[in-house]
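Computed from heavy atoms alone, side chains included, the values below leave out hydrogens, waters and symmetry copies.
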Amino acid sequence: MFLVEKATITSHFKSITKKPSLIPKSYQQASRSFDEQVIFHLKTLAPATDSSFISLSWMSKAVAFLSTIHAESLDQISSLRSESECFQVLYMDYSIKLLDLCNLISSAVQQLTERRMLMNLSLRLMNSSGQITSGQIPVPEKLIKAKDALIRSVRHSEETTPEKYQRAKDLIGELISGINSFPIVKVTNGRDLIKRTLHGLGILTVFISSVLVCIVYGQSDLVEYRVPAEFLWSDSVNNVQKQMFNLIKSKSKLLELEDTASRVVPFCDLLDEASVLDGDGGEERRVRFVNGVREFGKVVTKYSNGVDELTNGVNGLFSSVLKTRNGVLDGVRKGVWLV
């Protein structure tokens with residue numbers, strides 16, 4: 001199931017809206033504080049220097065990072081209600097694009113979920129009656145079905161709808177156009193702070209969504225955006241962006257996906273051996289097969305947990321943005337600003 005709701009006018013979330021704290025009198029101090037928070041959270045995204053793979057774990061951290069920055073951006077802006085009229089239009093335009101991107105990413109992640117389902121089906125067939133648990137071999141019919149499911153998991157189309165990828169790429173381009181529509185100026189009032197905060201949020205959204213879209217859609221023609229030096233975190237983001245983009249351009253695959261795929265062929269050989277266990281070496285092959293099933297199960301579990309974490313992260317980001325968007329819509333309808 002994909003996330004599609006974007007235009008609900010009323011929101012049940014508004015009842016839990018908390019009163020925002022007052023922003024510091026110094027707007028420049030407030031903008032610097034926000035920059036420092038971005039730098040702090042960016043530490044979670046530093047990839048291993050010797051890594052040649054992109055992991056589901058990193059992708060989940062990237063989504064969590066964007067969710068955190070989104071929440072902190074809105075916390076800061078919510079303290080400037082008297083200046084909020086310039087926020088509404090900017091945020092509504094930004095949020096509808098981010099919601100669309102979440103839907104498109106969820107659609108592509110579904111491919112990973114379907115692979116997981118096929119691998120789990122194979123494991124269930126091999127242990128449907130507790131054979132592996134008791135060290136026994138399933139009947140030949142189940143071995144054949146289990147092998148078929150594994151082969152289908154590897155051959156499962158890695159191609160996603162080109163139209164969806166192009167739409168995601170266009171959305172990122174539109175976000176960049178929106179970012180560039182208002183220049184970064186010295187922060188001297190609430191309006192300047194709101195625009196600077198949304199500018200920074202937009203930049204970080206472009207960076208994270210560009211990486212995620214390319215990975216889940218298997219593409220390498222990235223939408224690159226150089227972070228302006230006016231932000232204290234420009235070097236940090238540019239460095240992480242460069243590392244990730246280099247991995248993507250080198251056709252790096254997902255670590256967990258590559259790990260499972262690389263084990264399928266030798267594991268299918270074990271399935272073939274398992275059907276002929278009589279004669280010399282039969283017991284040795286049986287033990288090797290049972291151990292192989294257990295080890296493969298651990299790899300599938302790791303992959304499955306990674307897919308779940310990423311899915312939950314994207315769903316959480318969607319819900320967070322939708323909550324804020326509905327609050328703004330309610331505020332517009334009532335003539336007040338709620339977030």
Side-chain angles (χ1 to χ4, degrees), residues 1-11 13 56 59-71 73-74 77 87-114 159-182 197-225 241 244 248 307 309-333 339:
M1 180 181 294
F2 302 135
L3 305 163
V4 295
E5 182 183 2
K6 292 174 288 190
T8 305
I9 296 299
T10 58
S11 171
F13 291 109
L56 287 169
M59 293 172 67
S60 298
K61 290 177 182 177
V63 175
F65 166 81
L66 187 55
S67 294
T68 299
I69 298 303
H70 178 271
S73 298
L74 273 293
I77 292 172
F87 157 81
Q88 294 171 353
V89 173
L90 293 173
Y91 184 76
M92 296 303 285
D93 181 67
Y94 159 81
S95 61
I96 193 67
K97 292 178 173 57
L98 181 53
L99 290 174
D100 278 339
L101 281 168
C102 285
N103 278 326
L104 290 166
I105 292 171
S106 293
S107 177
V109 171
Q110 183 66 19
Q111 295 279 341
L112 303 178
T113 302
E114 291 171 2
E159 297 181 1
T160 47
T161 308
E163 292 80 7
K164 289 184 177 181
Y165 170 69
Q166 187 58 50
R167 175 57 182 156
K169 190 175 178 181
D170 291 343
L171 283 168
I172 294 171
E174 291 170 16
L175 279 173
I176 292 175
S177 296
I179 292 169
N180 293 333
S181 66
F182 49 95
T197 301
L198 285 175
H199 194 125
L201 178 60
I203 289 173
L204 294 170
T205 301
V206 166
F207 160 48
I208 297 299
S209 58
S210 293
V211 173
L212 294 182
V213 165
C214 280
I215 294 172
V216 297
Y217 279 92
Q219 302 293 328
S220 58
D221 53 334
L222 295 132
V223 180
E224 300 188 41
Y225 188 89
Q241 181 175 246
M244 300 310 300
I248 292 172
V307 172
E309 186 179 5
L310 178 58
T311 300
N312 293 337
V314 176
N315 291 353
L317 175 60
F318 183 96
S319 297
S320 175
V321 176
L322 183 63
K323 170 185 173 180
T324 305
R325 181 179 173 82
N326 284 343
V328 175
L329 284 169
D330 281 335
V332 172
R333 181 173 61 84
V339 66

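Listed by first then second residue, pairs satisfying salt bridge (Lys or Arg N to Asp or Glu O under 4.0 Å) with a partner in residues 214-223 read Lys169-Asp221, not counting sequence neighbours. Sequence neighbours left out, the pairs with a member in residues 199-214 that pass side-chain hydrogen bond (donor to acceptor under 3.5 Å, both in side chains) are Tyr94-Thr205.
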- Can His70 and Val321 be said to form a side-chain contact (heavy atoms from CB on, under 4.5 Å), step by step? CA-CA 8 Å; His70 178 271; Val321 176; 3.7 Å; yes

- Message: With side-chain contact (heavy atoms from CB on, under 4.5 Å) as the criterion, how do Val314 and Leu212 come out once you've worked through the C-alpha distance, each side chain's angles and the decisive distance to 0.1 Å?
- Response: CA-CA 10 Å; Val314 176; Leu212 294 182; 5.5 Å; no

- Item | Working for side-chain contact (heavy atoms from CB on, under 4.5 Å), residues Phe318 and Val63 | CA-CA 10 Å; Phe318 183 96; Val63 175; over 6 Å; no

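The OG1 atom of Thr311 sits 11.5 Å away from the CD1 atom of Ile105 when rounded to the nearest 0.5 Å. Distance check: Met92 CE to Thr324 OG1 gives 10.5 Å after rounding to the nearest 0.5 Å. A distance of 11.5 Å separates CG in Asp100 from CG in Asp170, rounded to the nearest 0.5 Å. Separating the CG atom in Leu171 from the CD atom in Gln166 is a distance of 10.0 Å, to the nearest 0.5 Å. If you take CG on Leu99 and CG on Leu104, they are separated by 11.0 Å, rounding to the nearest 0.5 Å. Leu66 CG to Ile208 CD1: the interatomic distance, rounded to the nearest 0.5 Å, is 6.0 Å.
Residues satisfying the side-chain contact (heavy atoms from CB on, under 4.5 Å) test with Ser181, not counting sequence neighbours, are none. Applying the side-chain contact (heavy atoms from CB on, under 4.5 Å) criterion to Gln241, with sequence neighbours excluded, gives Phe207, Asn238, Phe245. Qualifying side-chain contact (heavy atoms from CB on, under 4.5 Å) partners for Ser73, counting only residues two or more places apart in sequence or in other chains: Phe34, Ile69, Thr197, Leu201. Residues forming a salt bridge (charged side-chain N to carboxylate O under 4.0 Å, His left out) with Glu174 (at least two apart in sequence, or on another chain): Lys97, Arg167.
Residues Ile96 and Arg325 form a side-chain contact, since some pair of their non-hydrogen atoms from C-beta on lies under 4.5 Å apart. Inter-residue side-chain proximity for Tyr225 and Leu175 is flagged as unmet; no heavy-atom pair is nearer than 4.5 Å.
In this structure, the side chain of Ser319 does not engage the main chain of Gly316 through any donor-acceptor pair within 3.5 Å.
Of all non-hydrogen atoms in Ile203 and Ile179, the two that sit nearest each other are N-CD1, 3.4 Å. Pairing each heavy atom of Leu222 with each of Cys214, the nearest pair is CD2-SG, 3.5 Å.
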